[in-house]
**Q** 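Before I ask anything, let me first share the structure, which is written out below as C-alpha cells.
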Amino acid sequence: MALRDQIRIMVVDDMSTSRGLITQALDGLGVQHVSTAEDGADALAALAKAPVHLVISDYNMPNMDGLKLLHHLRSGAKTKGVGFILITGRAEQQIIDYGKKLGMNNFLKKPFEPADLRKCIETVVGPL
C-alpha cells in the first residue's frame, strides 16, 4: 500500500480558501486521510482526539499562529514526533530560523503549485 493511502494529514489555516486549495492539492496527490482546523487551538483539540502523521499549517492565524502551534506540538508527549510544514506568504529568514529552532520539518512559500507541495511533503515523509 502506498504512503499516500495511509498517511493522515491535518491542514491548519484560518482562511477557508487556503484550506480548500491545500486539501484540493492533497486530493490531487492521492492523499486520502485529510482533516482541517481553523487555527492552532482547534488543531490541538482535534489532534487530541485523532492523531495525524503530518501537520501543514499557515503561519499567520489569529489566537495561535503556526509557530505557537508547532511549539505546543513539540512540547506534547503524544505530538512531539508529528511532522510539521509551515506555509507562509512571509518567508522571512527570522520566521524560518525560529521555526527550525522549534523543530519545523519544512516550509513552503505562498503561492505554491501542487508539485511544490508534493516535493515539500516528500522531503519530510518520503515518496507518496
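This one's a predicted model, so the numbers in the text were calculated from it and none came from an experiment. Throughout, residue positions are numbered sequentially from 1 according to the sequence presented.
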**Q** Under the salt bridge (charged side-chain N to carboxylate O under 4.0 Å, His left out) test, which residues partner R90, sequence neighbours left out?
**A** E92
**Q** Can you check whether I7's main-chain N or O pairs, donor with acceptor, with H53's side chain at less than 3.5 Å?
**A**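 Not a single qualifying donor-acceptor pair exists.
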**Q** Checking F84 against L54 for the side chain to side chain contact (heavy atoms under 4.5 Å, CB included) test, could you report, in this order, the C-alpha distance in whole Å, the side-chain angles of both residues, the deciding distance, and whether it holds?
**A** CA-CA 6 Å; F84 189 91; L54 178 66; 5.8 Å; no
**Q** For L47 and L73, what are the C-alpha separation, side-chain angles and deciding distance, and is it a side chain to side chain contact (heavy atoms under 4.5 Å, CB included)?
**A** CA-CA 9 Å; L47 290 169; L73 292 174; 3.5 Å; yes
**Q** What pairs with D116 under side-chain hydrogen bond (donor to acceptor under 3.5 Å, both in side chains), at least two apart in sequence or on another chain?
**A** none
**Q** Which heavy atom in I85 sits nearest to a heavy atom in F107, and how many Å separate them?
**A**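 Heavy atoms only, the tightest pair is CG2-CA, 4.2 Å.
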**Q** Just one of L86, I9, T79, L69 clears the side-chain contact (heavy atoms from CB on, under 4.5 Å) bar with V55, so which one?
**A**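 Per the side-chain contact (heavy atoms from CB on, under 4.5 Å) rule, the option paired with V55 is L69, out of L86, I9, T79, L69.
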**Q** Which residues satisfy the side-chain contact (heavy atoms from CB on, under 4.5 Å) test with K100, sequence neighbours excluded?
**A**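 Here the qualifying residues are I96, M104.
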**Q** Which heavy atom in V52 sits nearest to a heavy atom in S35, and how many Å separate them?
**A**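 Heavy atoms only, the tightest pair is CG1-OG, 4.2 Å.
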**Q** Donor-acceptor pairs under 3.5 angstrom involving side-chain atoms of residues 119-128: please list them, not counting sequence neighbours.
**A**
from, atom 1, to, atom 2, distance (Å)
E122, OE2, R118, NE, 3.1
E122, OE2, L128, N, 2.9
T123, OG1, K119, O, 2.8

**Q** Mark yes or no for whether E38, through its side chain, and D13, through its backbone, hold a donor-acceptor pair below 3.5 Å.
**A**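 Absent.
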**Q** Among residues two or more places apart or on two chains, list those pairs meeting side chain to side chain donor-acceptor pair (under 3.5 Å) that have a residue in residues 64-77.
**A**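 Residue pairs passing side chain to side chain donor-acceptor pair (under 3.5 Å), neighbours aside: R74-N105.
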**Q** State which residues pass side-chain hydrogen bond (donor to acceptor under 3.5 Å, both in side chains) with D97; sequence neighbours excluded, sorted by chain then number.
**A** Q93
**Q** Using side-chain contact (heavy atoms from CB on, under 4.5 Å) as the criterion, list what pairs up with A37, not counting sequence neighbours.
**A**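 Scan of A37 (side-chain contact (heavy atoms from CB on, under 4.5 Å), adjacent residues dropped) gives M10, V12, D42, A43.
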**Q** Side chain to side chain donor-acceptor pair (under 3.5 Å): which pairs involve residues 55-64, sequence neighbours left out?
**A** D39-N63, D58-K110
**Q** Which pairs, with at least one residue in residues 17-34 and sequence neighbours excluded, count as a side chain to side chain donor-acceptor pair (under 3.5 Å)?
**A**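 Output for this query lists D5-Q32.
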**Q** Near F112 CZ, under 6.0 Å, is it more than 12 heavy atoms from other residues, nucleotides or ligands?
**A**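 Enclosed.
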**Q** Please collect all salt bridge (Lys or Arg N to Asp or Glu O under 4.0 Å) contacts where either partner lies in residues 45-57, sequence neighbours excluded, each pair once.
**A** none
**Q** In Å, rounded to the nearest 0.5 Å, how long is the span from CD1 of I22 to CD1 of I56?
**A**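 It comes to 6.5 Å.
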